[in-house]
Amino acid sequence: YKSLEYRVDNSSQLVRRVLNNVDAVVRTDVVSRNINDFQASLSADQKVVTITLTGQTVSATNRTITVSKNVDVKLRNFR
């Protein structure tokens, strides 16, 4: 596979798409639901991508619950 693509779709799902060498989708997976913000930033040395996700939902007791999570992804094929 050539690359991975992450996006938030119209249903507020974070979707990971695996692309082949001509950028055709080989596989699609739902990674998370109820995502209302998705940010990615590249480190100064361009070896780590930090992904920040924010999800929000309403609980059974009608309270809004918001959670944010940061994930660092190390780029192995760095050139």
Side-chain angles (χ1 to χ4, degrees):
Y1 305 120
K2 177 183 172 188
S3 58
L4 296 174
E5 176 183 271
Y6 289 88
R7 63 172 57 183
V8 177
D9 68 11
N10 292 337
S11 299
S12 298
Q13 299 180 123
L14 178 64
V15 177
R16 176 181 51 231
R17 296 180 355 153
V18 179
L19 308 175
N20 66 13
N21 60 343
V22 293
D23 291 334
V25 177
V26 176
R27 178 181 172 147
T28 301
D29 299 302
V30 174
V31 177
S32 186
R33 292 178 171 75
N34 300 317
I35 299 298
N36 60 344
D37 190 33
F38 171 82
Q39 301 289 321
S41 61
L42 188 59
S43 64
D45 63 4
Q46 298 186 347
K47 294 182 180 181
V48 177
V49 174
T50 300
I51 298 172
T52 303
L53 300 169
T54 302
Q56 189 172 37
T57 191
V58 177
S59 72
T61 58
N62 205 29
R63 294 183 184 191
T64 301
I65 300 170
T66 303
V67 176
S68 291
K69 178 72 176 172
N70 291 333
V71 178
D72 287 338
V73 179
K74 294 181 181 180
L75 303 175
R76 293 187 329 163
N77 296 332
F78 176 74
R79 295 177 218 200

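Just so you know, residue 1 is the first one in the sequence shown, and it goes up from there.
- When the side chain to side chain donor-acceptor pair (under 3.5 Å) test is applied to T61, the partners found at least two apart in sequence or on another chain are S59.
- Residues meeting the side chain to side chain donor-acceptor pair (under 3.5 Å) test with T66, sequence neighbours left out: Q56.
- One hydrophobic cluster holds both V18 and V71 under the rule that ILVMFWY side chains link at heavy-atom gaps under 4.5 Å.
- For the pair D45 and K47, the tightest heavy-atom approach, listed with the atom from each and the gap, is OD1-N, 3.0 Å.
- Between N20 and K2 there is no side-chain heavy-atom pair separated by less than 4.5 Å.
- T54 contributes atom OG1, which lies 12.5 Å from atom NZ of K69 (distance to the nearest 0.5 angstrom).
- Atom OG1 of T57 sits about 10.5 Å away from atom CD1 of I35, to the nearest 0.5 Å.
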Between V31 and V15, is a side-chain contact (heavy atoms from CB on, under 4.5 Å) present by the stated rule, with each step listed? CA-CA 6 Å; V31 177; V15 177; over 6 Å; no
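- Atom-to-atom distance recorded for T52:OG1 and F38:CZ is 9.0 Å, nearest 0.5 angstrom.
- Among all heavy-atom pairs drawn from D23 and S3, the shortest one is OD1-OG, 4.4 Å.
- Separating the CG atom in L4 from the CG atom in L19 is a distance of 7.5 Å, to the nearest 0.5 Å.
- With contacts defined as side-chain heavy-atom distances shorter than 4.5 Å, the pair R27/R17 does not qualify.
- When atom types are taken as modelled, the side chain of D9 and the backbone of S11 share a donor-acceptor pair closer than 3.5 angstrom.
- For V48, the side chain to side chain contact (heavy atoms under 4.5 Å, CB included) test picks out S43, T50, D72, K74, with sequence neighbours left out.
- Once rounded to the nearest 0.5 Å, the distance linking CD1 of I51 with CG of N70 reads 10.0 Å.
- Side chains of V49 and L75 form a contact here, defined as non-hydrogen atoms less than 4.5 Å apart.
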